[in-house]
Amino acid sequence: MKILVSADMEGATGVTWPADVLPGTPQWERCRALFTSDVNAAVLGFFDGGADEVLVNEAHWTMRNLLLERLDERAQMLTGRHKALSMVEGVQRGDVDGVAFVGYHTGAGSEGVLAHTYLANSITGVWLNGSRASEGYLNAHVVAEHGVPVVLVTGDDLTCRDADGYAPRARKVAVKDHVSRYAAVCRTPARTAADIRAAAKDATRLAVRYEPVPGGPYTVEVEFDAEHLAAAATVVPGVAVGGERRVAYTSTTMYEAIRTFKAVTTIVSAAVEEQYG
């Protein structure tokens, strides 16, 4: 049995504000250990449950945040940027039986600690076939296209609630309770590590591949906080203005949809000007 852990940082234990997750800050250095503790707890739990292999895919910012030296020696870590499927890279290889979303968060335009979708700001909402979509929602559709279930989700309490919509059978662990976008009631690392490890162990029994069911076409709408960002996004082939500060595009597969979304966010991030956005 092989488990893929997609590891993001905003939903990690103790993380509540931008400096906690921005590479190079003193707070980021401190929170790297907390982030690694959550991920390692999941790794340990999956091996407790009988997994033969665990691949951790770094999914936050520069994708160079986890402390490899603190991971269980049986695990492997995929680190660095520019991966075909970004946050769920590796699921397309055909040998993954279950996926865990560790340290995830809610989407842009929603309540939740450090809520956003791909870009820390600029994007105010994303919809997939009419439903508001978080990163978890988008990535769950990507892995489903490969016949792989989401078996574990960790983050704040609202992230767990969001996951009930896209992975109802997955085990959920809330490591903190949302107060505002930059505040939360946090559990201690010792407690969250124990909770995550226990949930991951139980989640291994859900790691059963299934026959992929084609779900396309997929229409993605993205809303920005400024009109010029929507205009910039139309540089990407197939992306068109779909309303005030919105663009939309349709893809036949989620593989195409998520890669187009990556292209849109890359173009838009380059179009943001300092101070004025």
Is there a donor-acceptor pair closer than 3.5 Å between any side-chain N or O of K176 and the backbone N or O of A12? yes

Report yes or no: do I258 and Y166 belong to one cluster of Ile/Leu/Val/Met/Phe/Trp/Tyr joined by side chain heavy-atom distances under 4.5 Å? yes

So which pairs with a foot in residues 181-197 pass side-chain hydrogen bond (donor to acceptor under 3.5 Å, both in side chains), sequence neighbours left out? T13-T192, D48-R197, D177-R187

Is it true that a side-chain atom of R171 and a backbone atom of V151 form a donor plus acceptor pair closer than 3.5 Å? no

Under 6.0 Å from the CH2 atom of W17, do we count more than 12 heavy atoms belonging to anything else shown? no

Using distance alone, with no hydrogens and no angle criterion, decide if T159 and D162 have a side-chain donor and acceptor under 3.5 Å apart. no

Go through it in stages, so that I can follow the logic: the residues are F35 and L67, the test is side chain to side chain contact (heavy atoms under 4.5 Å, CB included), and I'd like the CA-CA distance, side-chain angles, deciding distance and then a yes or no. CA-CA 9 Å; F35 179 31; L67 301 172; over 6 Å; no

For Q27, enumerate each residue passing the side-chain hydrogen bond (donor to acceptor under 3.5 Å, both in side chains) test, keeping only those at least two apart in sequence or located in another chain. D20

Start with the C-alpha gap between V15 and L34, add the side-chain angles, then the distance that decides, and say whether side chain to side chain contact (heavy atoms under 4.5 Å, CB included) holds. CA-CA 8 Å; V15 168; L34 298 173; 5.6 Å; no

Under-4.0 Å salt bridge between R259 and E256: no

Under a 4.5 Å cut-off applied to non-hydrogen side-chain atoms, are P23 and R64 in contact? no

Check: L158 main-chain N/O paired with T106 side-chain donor or acceptor under 3.5 Å: no

Taking salt bridge (charged side-chain N to carboxylate O under 4.0 Å, His left out) as the test, write out the residues that go with E111, two or more places apart. none

Has the side chain of R132 got a donor or acceptor atom that lies under 3.5 Å from a matching backbone atom of A108? yes

Partners passing side-chain hydrogen bond (donor to acceptor under 3.5 Å, both in side chains) against N139 (at least two apart in sequence or in another chain): Y104

Once you round to the nearest 0.5 Å, how far does CZ of F101 lie from CG of D8? 10.5 Å

If I compare all heavy atoms of V153 with all of C160, which pair ends up nearest, and what's the gap? O-SG, 4.4 Å

Looking only at heavy atoms, which two atoms of V247 and A230 are closest? And how far apart? CG1-O, 3.3 Å

Counting only heavy atoms not in E244 (residues, nucleotides, ligands), do more than 12 fall under 6.0 Å from its CD? no

Any sub-3.5 Å donor-acceptor pair from S269's side-chain atoms to T266's backbone N or O? yes

Tell me the closest heavy-atom pair linking A183 and V113, and the distance in Å. O-CG2, 3.8 Å

CG/L229 to CD/E223 distance, rounded to the nearest 0.5 angstrom? 11.5 Å

Separation of Y210 OH from D97 CG (nearest 0.5 Å): 12.0 Å

Could you grab the distance from atom CD of Q76 to atom NZ of K2, nearest 0.5 Å is fine? 7.5 Å

Check whether E10 reaches the backbone of L114 with its side chain - one donor and one acceptor, N or O, closer than 3.5 Å. no

If Ile, Leu, Val, Met, Phe, Trp and Tyr residues are connected whenever their side-chain heavy atoms lie under 4.5 Å apart, and connections chain through other members, are M63 and V5 in the same group? no

Spatial distance of atom CG (L68) from atom CE (M77) [nearest 0.5 Å]: 4.5 Å

Decide whether L128 and V222 are clustered together by the hydrophobic rule: side chain heavy atoms of Ile, Leu, Val, Met, Phe, Trp, Tyr closer than 4.5 Å, transitively. yes

Carefully, step by step, assess V99 and H146 under the rule side chain to side chain contact (heavy atoms under 4.5 Å, CB included). CA-CA 11 Å; V99 175; H146 292 84; over 6 Å; no

Is there a donor-acceptor contact under 3.5 Å from the side chain of S6 to the main chain of V88? no

Heavy-atom closest contact (D38 atom, G11 atom, distance): OD2-O, 4.5 Å

For A232, side chain to side chain contact (heavy atoms under 4.5 Å, CB included) partners two or more places apart: I267, A271

Identify, with sequence neighbours excluded, every residue that meets ring pair (Phe, Tyr, Trp, His ring centres under 6.0 Å) alongside F46. none

The criterion is salt bridge (charged side-chain N to carboxylate O under 4.0 Å, His left out); which residues satisfy it with E221, sequence neighbours excluded? R246

Going by ring pair (Phe, Tyr, Trp, His ring centres under 6.0 Å), name the residues that satisfy it together with Y118, two or more places apart in sequence or in a different chain. F261

What do the steps show when you test L138 against M87 for side chain to side chain contact (heavy atoms under 4.5 Å, CB included), and what is the final call? CA-CA 10 Å; L138 294 171; M87 299 181 75; over 6 Å; no

I'd like to know if the side chain of R81 and the backbone of T79 have a donor-acceptor N/O pair within less than 3.5 Å. no

Flag, side chain of E58 to backbone of N65, donor-acceptor distance under 3.5 Å: yes

Non-neighbouring partners of R74 that pass salt bridge (charged side-chain N to carboxylate O under 4.0 Å, His left out), sequence neighbours left out: D72

Checking H116 now: which residues fulfil ring pair (Phe, Tyr, Trp, His ring centres under 6.0 Å) with it, not counting sequence neighbours? H105

Would you say V43 and M1 are hydrophobically clustered, going by side-chain heavy atoms of ILVMFWY under 4.5 Å? yes

How long is the span from the OG1 atom in T124 to the CG atom in L119, to the nearest 0.5 Å? 11.0 Å

Could I get the full list of ring pair (Phe, Tyr, Trp, His ring centres under 6.0 Å) partners for Y137, not counting sequence neighbours? H141

Trace of the side chain to side chain donor-acceptor pair (under 3.5 Å) decision for N40 with S37: CA-CA 5 Å; N40 201 42; S37 175; over 6 Å; no

Measure from the side-chain N and O atoms of T154 to the backbone N and O of G103, and report whether any donor-acceptor pair falls under 3.5 Å. yes

For a quick test of reading the model, state the closest non-hydrogen atom pair linking V272 to S122 and the distance between them. CG2-OG, 3.5 Å

V54 reachable from L78 in the ILVMFWY side-chain graph, under 4.5 Å edges: no

Sequence neighbours left out, what pairs pass ring pair (Phe, Tyr, Trp, His ring centres under 6.0 Å) with at least one residue falling in residues 212-250? none

Considering non-hydrogen atoms only, spot the tightest contact between G107 and A115 and give its length. O-CB, 3.6 Å

Any non-hydrogen side-chain atom of R70 less than 4.5 Å from a side-chain atom of V39? no

